[in-house]
Structure formats: C-alpha cells, structure tokens
Amino acid sequence: MAATRWGCLGPGKISCDFFLAIQDNIPALEHEFVAVASRDENRAKEFAERFKFKRYYSSYDDVANDKDVDIVYIGTLHTTHVELSLKMLKAGKSVLCEKSMAMNLKQAKLVLDTAKTEKRLFIEACWSRFFPVYDLIRSELGKGTLGEVRMVQANFCKQVAHFDRVKNISMGGGGVLVFGIYCIQFACLVFKEMPESITVVGGLLGDVDEGACVILKYRGGAMANLTYHVNSGQGKNTAVILGQKGKIELNDPFHCATRCRTPSGEHEFPLKNNDYNFINSSGLSYEAVAARDSLLKGEIEHPKYSHADSIMVHTIMDEVRRQLGFIAVASRDENRAKEFAEKFKFKRYNRSYDDVANDKDIDIVYIGTLNTTHVELSLKMLKAGKSVVCEKPMAMNLKQAKLVLDTAKTEKRLFIEIAHVDRIKNISMGGGGVLDLGIYCIQFACLVFKEMPESITVVGGLMGDVDEGACVILKYRSGAMANLTYHVNSGMGNNSAVILGQKGRIEVDEPFHCPTRCRTPSGEHEFPLKDNDYNFTNSSGMLYEANAARDSLLKGKIEHQKYSHADSIMVHTIMDEVRRQLGVRYPDFD
C-alpha cells in the first residue's frame, strides 16, 4: 500500500507537533513528507531539514502545484484557512486543516461545498474527536450505559490572552475560536443535534471575545453548560457527561484526554513523550491515521468529524459571537420525636413546636423541617425569644427571607441560615433544584464576589411544577463571571468548584458545599472530619456552624459574619430571579 504523501503550509509550532507525532507513532512506510511552504523561506528550509521533507518553498502555490503531494496539512493562522483550503482543493489536493477551518459559518460552507465539488477529502482537524477516549465515549453512548443524558459540562480556561494570535482580531483571535470550539464540539459529540436554544454570557478583550459561559438547551430539557476563558488563569479543564444511570468523566485536559472514567471503570491510553510544543501532541497522530484511512477509501470526509459536524459547531460559534455584543426536639409525629430524643439524649420530646418555643431551658433552636415550614417556625421561635439556626433555604422567596431577618433584628435574637425524594419534586413541600442544590452554587459565587451581579442569565427545565435543574450565569462588574450548574435528575456530577484568578486558582474538591480538601497557590490543604453513622456526607462538619452559633450567642450578636443576614438577602435575591426566569412559582408563598 502506497505511502500517504504530505504537504505542509505554515511550519509553526502546531505543524511541528503534527509531523513529529507522525514520526513518533506511525510506520515510516505509511507516510512520506514531500513539500513544506512558508512565506519565510528560511523557516520552510529549517522545517524541511528537521522533518526530512523533500522540498521546501516560499510560495503556497508551489505546494498546490506539486504533483507528488496527496494531502496538505494547513497549520497557519485562522484568517488564512479558507483561502488556502480553497487553493489546495481546487488544485486537486486533499486537505487536513487546523481548527477553526473558517472564521464563520458562511466561510465553512464555502470550503465544504468546494470539497464536494472537487471530490477531495477535507477534514477540519478537531483532533479531540480522533482520540481513543472519544471512541470510548461513542461506544458507551451507543450502548446506552448512561441512560438518558441530561447534562454535559465542559470547561476550558487558560491564561493565553498575551499572545497576539489570541488578542488580535486581524489574526483571527478570540476565545471561542481558540478554546470554545473544544467545549462546543464536545456537546455536539454527545447530543448529535442542534440545540433548541443557545444562551451566552461573556465579555470582550478589546475587539475579541475574552470568554463566555454558553448554555445549550436541547429537546426534552437536556443541557450543556460550557465555559471558556483566555484571560482567567489555568482552570480545571475537565468534562463530564451525566446520564440518569451513570456518567463519563474526562480528565484535564479533556480536549486531548488520555484518561477517563465510565460506568465500566477507569481507562487510560498513554502517549509517547517527546519534544512537543503542546500537551499530548503525540495524539495528533490519531487524526493523521484517520486522514490516511479516508484517503485510501476515497472518502471526502471522515465520520469521526464529518462535514455536518463542522457545520453544527460553526453554527453554534456564530451564535456565540453574535450574543457577545441552614435542648429539645419536636415532631408532629411523637414517636419520631421520642426516637430522636432517645438516640441523642435530649432531655425531653414534644409533639408540638409550640412546646419548644415555650421551653425556658432552650437558648437556640435548630430547624430541619420541610422548606415550606421554615418561615413559620423561624418566626415562632424568634418571637418566643429563641435564637435560630435554620436549614437552607430559610424561606421560599426574598420577601419571606426579609421578614424573618427583620424579626430577628427586632427581637434581638441570633438567626443563621445554614448553607450546608418527595420533598424535591413536590411543590407543596418546597421542592425544586434551586432550593436544594442551587443555593450552594449561588452562595459560593456570592462568597467570592461579595456583591450582586449586574446580570443573571438562567437556562433550565422543569420537573412537573418545580425546577429540575439549570445553568445560571452571573455576570459582575468588569466582566467577571460565575458559571453555576445544578440538577436533581441527571445522575451524580463532579460536584467541585474552582475560583480562577489571573495569577492563580483555588480548587475545592467534591463535595464543594462541605469540603475537607482544597488546593490554593500555597499548596494542598486538608481538614479531616470524624466518621460516624451520619445520614449525609461530611455531616460531622455541622459542628462548625454549631460552634459559630454558640460564639455569636455568647457575644450577643443577631447574626454571624460568616453567613450574615446580608448574605442571605443576596442569595435569596438571586434565587428569586432564577425561579422567575424558569417559571417556578410557589402558590402559597409567592
């Protein structure tokens, strides 16, 4: 079988990695390096000498006219991809063009139509799609091991804004063309169709997009929550596919992953190391093998990243760019109160909450009832002279939260909301995702930014009368953003959190809402908790809020600075807006 004869346009870093990957991983008999061209002839000569190309040129036309070239790899700037792709296709050459193949959808269609007319292979080099990890994803999705996929998450954040090709619009800069395309193609791989809606919140860096949070909503309410940023510092660039029966997690960097976890276990596909410019560039050999395979079969596209895939991704990218202009116990069930009192050595138990309110030996009451009863019981206890620690959410909406906090101030009693199934899906029981899970995400953003966002964008779905889940984007002054995702019906996610600064980051391990480990610029930190027969993960940590409540009581405070009344107001203000945008209304409370 004859060797595939390669030409190369643009002997830059990515081209170096591509041809080095071929040398490292593919039998020499299968590939022959024929001609390389650069407008700088010295660069072409150096490249040719390093990789043993037969010829080098100072003109791209010379490669187009070289009869010994079967396929051309284009590794030039984004802005030149269309012109050079058309030139090579019309000269009878097949093309493997670096992503992004074009600056917009219209250009992409022009190139793909030309490939069809000329009957020549054209592949947009979205190298992610050719990795074994992505083959495994296709297999797992095809077998249905995840069940119905409800949520996809992908993040790509890295400090690269100082590079001219990223920040300069004339060089085809902008985050979506550099990083965002990887997140978008991942969602397209999973859902295989255009989303019904595309919601984008982001910011600009001069004339180009600095970063964005992109929410794709699909038929049946499934969603993809994607984040990219070129000026935020190094993110935790992982991806996860959440189905109702299982999940797939891709390690950082997800766009060229060598490890993943599926319902069948952990999988690893090691790559060779060499003097590459970019991480895992040895994996560029996968797309070279795919291109050769398609050439031998006489195909004009490859099924792993077809022309239709390119069209879908560019359609979404066009829209992204367009939009960027928480000493007695009581229960109504007396037997439950008795059992609880016996287990935890409470002095007495009551059937009536009024009995606790009237018990003169009690300083502070912990309220752990259904969400819908929190306001009534908090007011009852405060007016009876008790301090209160109330499970989140303290109220069903902002108006109720203000009533409780004003009462605490009037009664001069400590009140702390602690931010730490039927009740989830039943609106009469205060169900809904934002009150159960979303509140943790929102309070985390409020902890970091300490102010109300300038805008709140919400895309999500309902489960009966309550919210099943949502992607929430909070945009702050100067363009800083928080991208939050919660879902009660998607399977277990990677429930971690990260704060990205331009000089460093903080990673909070799963479960971020009650973590015992984190990584900061100063190193890794761990705060172990005791194990016992708890109902929920890390519940031993509830002692922290108990100590805080005691400290505030001893100091005569009516709130605690770690989660103040102002914090509760801010969080509830945002939650009200989330529910408003989702169309969730609690008839008895709103």
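All values reported here derive from a predicted model rather than from experimental measurement.
Here the two rings, on Trp127 and Tyr134, have centers that are 6.0 Å apart or farther. Aromatic rings of Phe179 and Tyr228 (six-membered ring for Trp) have centroids beyond the 6.0 Å cut-off, not under it. No close placement of the Phe186 and Tyr182 rings is indicated, their centers lying 6.0 Å or farther apart. Residues Phe47 and Tyr56 place their aromatic rings such that the two centres sit no closer than 6.0 Å.
Taking the charged nitrogens against the carboxylate oxygens, Glu196 and Arg219 have no contact shorter than 4.0 Å, which rules out a salt bridge. Between Arg55 and Asp68 a salt bridge is recorded (basic side-chain N to carboxylate O distance below 4.0 Å). Salt bridge status for Asp309 with Lys304: absent, with no side-chain N to carboxylate O gap under 4.0 Å. Using a 4.0 Å cut-off between a side-chain N of Lys or Arg and a carboxylate O of Asp or Glu, Arg261 and Glu249 qualify as a salt bridge. Salt-bridge formation is detected for the pair Glu468/Arg150: a Lys NZ or Arg NE/NH1/NH2 atom is positioned less than 4.0 Å from an Asp or Glu carboxylate oxygen. Between Asp209 and Arg321, no side-chain nitrogen of the basic residue sits less than 4.0 Å from a carboxylate oxygen of the acidic one, so the salt-bridge criterion is not met. At a threshold of 4.0 Å, the pair Lys116-Glu301 does not count as salt-bridged, since none of the basic side-chain nitrogens sits closer than that to a carboxylate oxygen. Taking a cutoff of 4.0 Å between a charged side-chain nitrogen and a carboxylate oxygen, Glu266 and Arg259 qualify as a salt bridge. For the pair Arg322 and Asp318, the salt-bridge criterion is not met [side-chain N within less than 4.0 Å of a carboxylate O].
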Salt bridge (Lys or Arg N to Asp or Glu O under 4.0 Å) evaluation trace for Asp17 with Lys13: CA-CA 6 Å; Asp17 283 5; Lys13 290 183 178 180; over 6 Å; no
Steps toward side-chain hydrogen bond (donor to acceptor under 3.5 Å, both in side chains) verdict (His267, Thr262): CA-CA 8 Å; His267 309 269; Thr262 74; 3.0 Å; yes
Check against salt bridge (Lys or Arg N to Asp or Glu O under 4.0 Å), Lys93 and Asp70: CA-CA 6 Å; Lys93 311 301 183 191; Asp70 299 319; over 6 Å; no
Step-by-step side-chain hydrogen bond (donor to acceptor under 3.5 Å, both in side chains) determination, Tyr57 to Asn65: CA-CA 11 Å; Tyr57 302 114; Asn65 296 326; over 6 Å; no
side-chain hydrogen bond (donor to acceptor under 3.5 Å, both in side chains) assessment of Arg43 paired with Ser38: CA-CA 7 Å; Arg43 291 186 67 202; Ser38 171; 4.6 Å; no
From CA spacing to verdict: ring-ring contact (aromatic ring centres under 6.0 Å, His included), Phe130, His302: CA-CA 10 Å; Phe130 302 93; His302 195 281; 5.4 Å; yes
Steps toward side-chain hydrogen bond (donor to acceptor under 3.5 Å, both in side chains) verdict (Asp24, Ser282): CA-CA 7 Å; Asp24 278 351; Ser282 183; 5.2 Å; no
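With a 6.0 Å radius and a threshold of 12 heavy atoms from other residues, nucleotides or ligands, Asp40 has its CG atom above the threshold. No more than 12 heavy atoms of other residues, nucleotides or ligands shown are found within 6.0 angstrom of CZ on Arg39.
In this structure a side-chain-to-backbone donor-acceptor pair under 3.5 Å is missing from Glu124 to Leu96. Not one N or O on the side chain of Ser232 forms a donor-acceptor pair closer than 3.5 Å with the backbone of Leu500. Using a distance-only test at 3.5 Å, with no hydrogens or angles considered, no donor-acceptor pair links the side chain of His229 to the main chain of Gly202.
Taking 4.5 Å as the limit, every side-chain heavy atom of Val208 sits out of range of all side-chain heavy atoms of Leu204. Between Val111 and Met101, some side-chain heavy-atom pair lies under the 4.5 Å cut-off.
The ring pair (Phe, Tyr, Trp, His ring centres under 6.0 Å) with Phe33 is formed by just one residue from the set Phe18, Tyr73, Phe19; it is Phe19.
Here OG of Ser294 is found 5.0 Å from CD1 of Ile123. Values are rounded to the nearest 0.5 Å. The CD atom of Glu148 sits 5.0 Å away from atom CD of Gln244, with the distance rounded to the nearest 0.5 Å. To the nearest 0.5 Å, atoms CD (Glu32) and CZ (Phe53) are separated by 10.5 Å.
Across all their heavy atoms, Glu507 and Val498 have their closest contact at CG-CG2, 3.9 Å.
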